[in-house]
Amino acid sequence: MKAAVSSSGKDLDDQVDPRFGRCAYFIIVDTDDMSYDAYKNDNSALGGGAGIQSAQFVASKGAKVVLTGNVGPNAVKTLSAAGVEVIVGQTGTVKEAINAYRKGNLNAVSEANVSDHHGVGSNTVPEESLSQVAGGDFGRGMGRGGRCGGGMGMGRGKGMGMGVAPSSQTGAASLSRDEELSSLKNQIAELRGQIESIASSINTLVKK
């Protein structure tokens, strides 16, 4: 069986890279005989969507399990959809992680252990992702409206719509400043994930 390990280098004796989507290399190991191939992670420099693209890459190489330090929710969803197990919290060398897995000492997870911050401040939306949406040819568009009483929302539909509802509709006037900030940050996080998922789908279609 093939296992994908996020690595800081090209060899089994290199350290596990704690980052999944932005690791330096992926080492795909055959757990039966410890033969392996190393691949430079070209997704590490992406402005956004690194987790999704990396998940698609390791799945395309036939990996059935991922061993890494940390993984975000978008990557977990992509890996899960591809039938790939995820094991987090790995440290030490790639070989040590593989040996621990072969001994049955590691357990898969179904949820992320970090948020998707995409290498930027957690309260900002990557400009690259927004430009992809604004500048792309979205024939199917976006516009399923409003979580939180008509706030910002995106979905399948015609056209493209991202609108902020008046505070009287969202109930923002009755919220404290901190509560309102928290709500807006949550909306940004949701939008970020949706933007990256859409951009990833577009990239996949373009490459076909």
Side-chain angles (χ1 to χ4, degrees), residues 1-122 124 126 128-129 189-190 192-197 199-201 203-204 207:
M1 189 189 74
K2 291 185 177 180
V5 187
S6 58
S7 174
S8 60
K10 303 177 182 179
D11 301 314
L12 296 182
D13 291 326
D14 285 314
Q15 294 291 306
V16 173
D17 193 321
R19 305 163 300 174
F20 172 69
R22 299 183 185 279
C23 65
Y25 291 88
F26 283 112
I27 296 184
I28 309 297
V29 185
D30 188 320
T31 58
D32 295 327
D33 59 12
M34 294 298 286
S35 61
Y36 67 93
D37 293 298
Y39 301 91
K40 184 178 180 180
N41 182 18
D42 294 332
N43 303 312
S44 60
L46 288 178
I52 294 174
Q53 294 291 345
S54 294
Q56 292 175 340
F57 174 78
V58 297
S60 74
K61 295 300 180 182
K64 296 302 180 184
V65 63
V66 163
L67 305 177
T68 188
N70 302 307
V71 66
N74 289 335
V76 168
K77 291 176 184 176
T78 305
L79 291 167
S80 178
V84 181
E85 290 186 326
V86 181
I87 296 174
V88 299
Q90 299 309 296
T91 58
T93 67
V94 173
K95 183 184 293 184
E96 288 170 344
I98 291 293
N99 285 335
Y101 175 74
R102 294 174 71 189
K103 292 176 183 178
N105 295 336
L106 306 179
N107 296 318
V109 298
S110 58
E111 296 181 354
N113 65 332
V114 293
S115 62
D116 274 326
H117 51 72
H118 313 299
V120 297
S122 59
T124 60
E128 295 87 350
S129 296
E190 289 186 20
R192 183 189 300 125
Q194 292 172 4
I195 288 170
E196 300 236 348
S197 178
S200 174
S201 297
N203 290 336
T204 300
K207 292 176 183 177

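Here the closest heavy-atom approach between residue R22 and residue D17 is recorded as O-OD2, 4.4 Å. Minimum interatomic distance between I27 and G9 (heavy atoms only, all atoms of both residues): CD1-O, 3.6 Å. Heavy-atom minimum distance, N113 versus V71: OD1-N, 2.9 Å. Taking every heavy atom of both residues into account, G92 and E96 meet most closely at CA-OE1, 3.4 Å. For the pair A55 and A75, the tightest heavy-atom approach, listed with the atom from each and the gap, is CB-O, 3.9 Å. Between F20 and N41, the closest heavy-atom pair is O-ND2, 4.1 Å.
Remark: Y36 engages no residue in a ring pair (Phe, Tyr, Trp, His ring centres under 6.0 Å) (not counting sequence neighbours).
Considering only heavy atoms from C-beta on, Q15 comes within 4.5 Å of T93 through its side chain. A heavy-atom distance below 4.5 Å is found between the side chains of T78 and Q56. Taking 4.5 Å as the limit, some side-chain heavy atom of L106 sits within range of a side-chain heavy atom of Q90. Between V58 and L79, some side-chain heavy-atom pair lies under the 4.5 Å cut-off. The shortest distance between side-chain heavy atoms of V5 and V16 falls below 4.5 Å.
For the atom pair CD of E85 and CG of L67, the computed distance is 10.0 Å after rounding to the nearest 0.5 Å. Of the inter-residue distances, the one linking S44 atom OG with F26 atom CZ reads 9.0 Å to the nearest 0.5 angstrom. In this structure, CE on M1 lies 3.0 Å from OH on Y101, to the nearest 0.5 angstrom. The CD1 atom of I87 sits 7.5 Å away from atom CG of N107, with the distance rounded to the nearest 0.5 Å. Taking OG from S54 and CG from N74, the interatomic distance works out to 12.0 Å, rounded to the nearest 0.5 Å. Separation of atoms OG (S7) and CD1 (I28) is listed at 11.0 Å; rounding is to 0.5 Å.
Counting only distance, with no hydrogens or angles, the side chain of S60 and the backbone of F57 share a donor-acceptor pair below 3.5 Å. Between the side chain of S80 and the main chain of V76, no donor-acceptor pair closer than 3.5 Å is present.
Residue pairs meeting the salt bridge (Lys or Arg N to Asp or Glu O under 4.0 Å) criterion with at least one member in residues 41-66, sequence neighbours excluded, do not occur.
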Query - side chain to side chain contact (heavy atoms under 4.5 Å, CB included) evaluation trace for K95 with D13 - result: CA-CA 6 Å; K95 183 184 293 184; D13 291 326; 3.5 Å; yes

